[in-house]
There are 2 protein chains.
Amino acid sequence: METIFITPKIISQKCRYALRAIFELASRHTTEAVKISEIASSQAISPRFLENILVELKQAGFVMSKRGNDGGYILNQPAEKLTVGQVIAFMQGAVKYNAVPAYDIDSARNGDYAFSRLWQRLNDSISSIYSNTTFADLVKEETIAAKDYVPNYVI
Amino acid sequence: METIFITPKIISQKCRYALRAIFELASRHTTEAVKISEIASSQAISPRFLENILVELKQAGFVMSKRGNDGGYILNQPAEKLTVGQVIAFMQGAVKYNAVPAYDIDSARNGDYAFSRLWQRLNDSISSIYSNTTFADLVKEETIAAKDYVPNYVI
DNA sequence: AAGTATTCCTATAGGCTTAGTAGGATATTA
DNA sequence: TAATATCCTACTAAGCCTATAGGAATACTT
C-alpha cells in the first residue's frame with residue numbers, strides 16, 4: 001500500500017505545540033505548576049508563542065494556571081480522559097475550520113454524492129484515531145519506547 | 001464518537017478539482033476527447049484554472065490530450081485501476097508536502113516517539129482509504145445514488 | 001494555405017492563513 | 001513594594017493557495 005505523507009499538514013504547528021505542551025504536563029505526573037519556560041525548553045517551542053497557546057488551552061479548560069513566583073501550568077483533566085481529538089478539535093476549530101458540506105440533492109453536481117461519502121469515510125477514520133488516543137496512552141507509549149532504547153552507558 | 005471535520009483542509013481546492021476532472025472523464029465512459037470547457041462547466045470549475053490542472057494531470061500520465069478542433073482530454077488509465085490516492089499523492093506531492101519526520105533516537109525529545117507513531121497510524125489509515133478507492137468505485141457509487149434519488153417527474 | 005479551435009506553458013498578482021514577536025497589564029507571593 | 005510569571009491584545013513578515021493572463025504550439029477544416 002502506498003503511503004501518502006500528509007499528516008503534518010493536517011495539524012498546524014500551533015496545534016502540534018499545544019499537543020506537546022499537554023503531553024509534557026501529562027508526562028510529569030506532578031501536582032506542581034510547570035512554568036512556560038520549562039515546557040518551552042523541554043519541547044523546543046518559542047516561549048512567547050507557547051504563552052499564547054497555553055492561554056487558549058486554559059480558556060478551553062484543558063489546563064489550569066497559577067501566577068506569581070511559583071506559577072505555571074497544571075493539567076486540569078486526568079490524562080486518561082483527555083484525548084488528542086479534544087485538543088485538536090478545539091485548536092483547529094478555534095481558527096474556523098471548514099466543515100464537509102452536506103449533500104444537497106437540489107444543487108448537486110455529478111460526483112457530489114460519491115465524494116461527499118469519501119470525505120466522510122476519511123473523517124470518520126481520522127476521528128476514530130483521535131478520539132481513541134488519550135494523553136495517558138501517549139505517555140505510556142513513550143515510556144515503553146524510552147525503556148527499550150536505553151543505550152549502554154559506561155559509568 | 002466526536003466527528004472532527006477536517007477533510008477539506010487536507011485536500012487543496014486544486015487537488016479536489018483534479019479529482020473531479022478525472023471523475024468526470026471516468027463517468028462519461030467514452031473514448032472521445034472531452035473539452036476543458038465541458039468539464040469545467042459540468043463540475044463548476046474555473047476553465048482557466050482547470051487548464052493548468054489538466055496539464056499537470058497529463059504530465060503525470062493520468063490523462064491523454066488531443067489538440068485542435070475536436071480536442072480535449074481522455075482517461076489514460078482504466079478507471080478500475082486508478083485510485084484517488086494516486087492522484088492525491090501526485091497533486092499534493094507536486095507542491096512539496098512535508099513528510100512525517102523519522103524518529104531519531106539521538107536528537108529525540110520527550111514525546112517524539114509517541115507522536116511519531118500517532119501520525120504514522122493516521123497516515124496509514126488515510127492511505128488505506130485513498131488506495132482502496134478507485135474512480136470506478138466512485139462512479140458506481142454516484143450512479144447508484146442517482147438512481148435512488150430520481151424525483152417524480154411529470155412529463 | 002489560411003483560419004479557427006483547442007491545448008500548452010510560464011508568469012504573476014491578490015488574498016488569506018500561519019508563525020512568531022512585542023508591549024504592557026494583571027495577579028501572586030514574599 | 002518588589003519580583004516573578006501569567007494574561008491579553010495587537011501587529012508583522014512570510015508563505016501558500018487560488019485564480020488569471022498572454023501568447024505559443026498543435027490539429028483540424030475548408
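Sequence lines set the chain letters: A, B, ... in the order given, protein chains first and strands last, and positions in each chain run from 1.
- Going from atom CD1 of B:Ile10 over to atom C1' of D:dC17 covers 17 Å, rounded to whole Å.
- The phosphate of C:dA19 has neither OP1 nor OP2 within less than 4.0 Å of any side-chain N or O from A:Lys14.
- Among the nucleotides C:dG20, D:dA19, C:dC9, the one closest to any side-chain atom of B:Gln13 is D:dA19.
- Each of D:dA21, C:dG23, C:dT21 was ranked by its minimum atom distance to the side chain of B:Asn52; first place goes to D:dA21.
- If you check C:dA5, C:dT21, D:dC8 against the side chain of B:Asn69, the one that comes closest is C:dA5.
- Toward the 5' end of DNA chain C, the nearer of the two residues B:Ser37 and A:Gly68, judged by each one's closest nucleotide, is B:Ser37.
- What separates NZ of A:Lys35 from C1' of D:dT4 is a distance of 8 Å, to the nearest Å.
- Nucleic acid contact for B:Ile36: sugar-phosphate only, since backbone atoms but no base atoms lie under 4.0 Å from a heavy atom of the residue.
- For the pair A:Pro47 and B:Val34, both in contact range of DNA chain C, the more 5′-proximal nearest nucleotide belongs to B:Val34.
- Residue B:Leu54 contributes atom CG, which lies 12 Å from atom P of C:dC9 at whole-angstrom precision.
- For B:Ser27 and A:Asn110, the side-chain atoms include at least one donor-acceptor pair closer than 3.5 Å.
- More than 12 non-hydrogen atoms from other residues, nucleotides or ligands lie less than 6.0 angstrom from NZ of B:Lys35.
- Distance from the side chain of B:Phe49 is smallest for D:dT18 among the nucleotides C:dA19, D:dT18, D:dC8.
- As rounded to whole Å, 13 Å separates atom P of D:dA5 from atom CZ of A:Arg48.
- At the phosphate of D:dT18, neither OP1 nor OP2 sits under 4.0 Å from any side-chain N or O atom of B:Tyr17.
- Contact annotation: B:Ser46 side-chain N/O to D:dT20 OP1/OP2 distance is under 4.0 Å.
- Side chains of A:Thr83 and A:Ser131: a donor-acceptor N/O pair is absent below 3.5 angstrom, by distance only.
- Each of C:dC9, D:dC8, C:dT21 was ranked by its minimum atom distance to the side chain of B:Gln59; first place goes to C:dC9.
- Formation of a donor-acceptor pair under 3.5 Å by the A:Asn132 side chain with backbone atoms of A:Ser128 is found in this model.
- In the interface, the side chain of A:Arg67 is not paired with the base of C:dT28 through any donor and acceptor atom under 3.5 Å apart.
- Here the C1' atom of nucleotide D:dT9 and the CD atom of A:Glu56 are 12 Å apart, to the nearest Å.
- Separating the CD atom of A:Glu51 from the C1' atom of D:dT4 is a distance of 13 Å, rounded to the nearest angstrom.
- Rounding to whole angstrom units, CE of residue A:Met64 and C1' of D:dT6 are separated by 15 Å.
- Computed from coordinates, the B:Lys66 NZ to D:dA25 P distance equals 22 Å when rounded to whole Å.
- For the residue pair A:Glu56 / A:Asn52, no side-chain donor-acceptor distance below 3.5 Å is found, with atom types taken as modelled.
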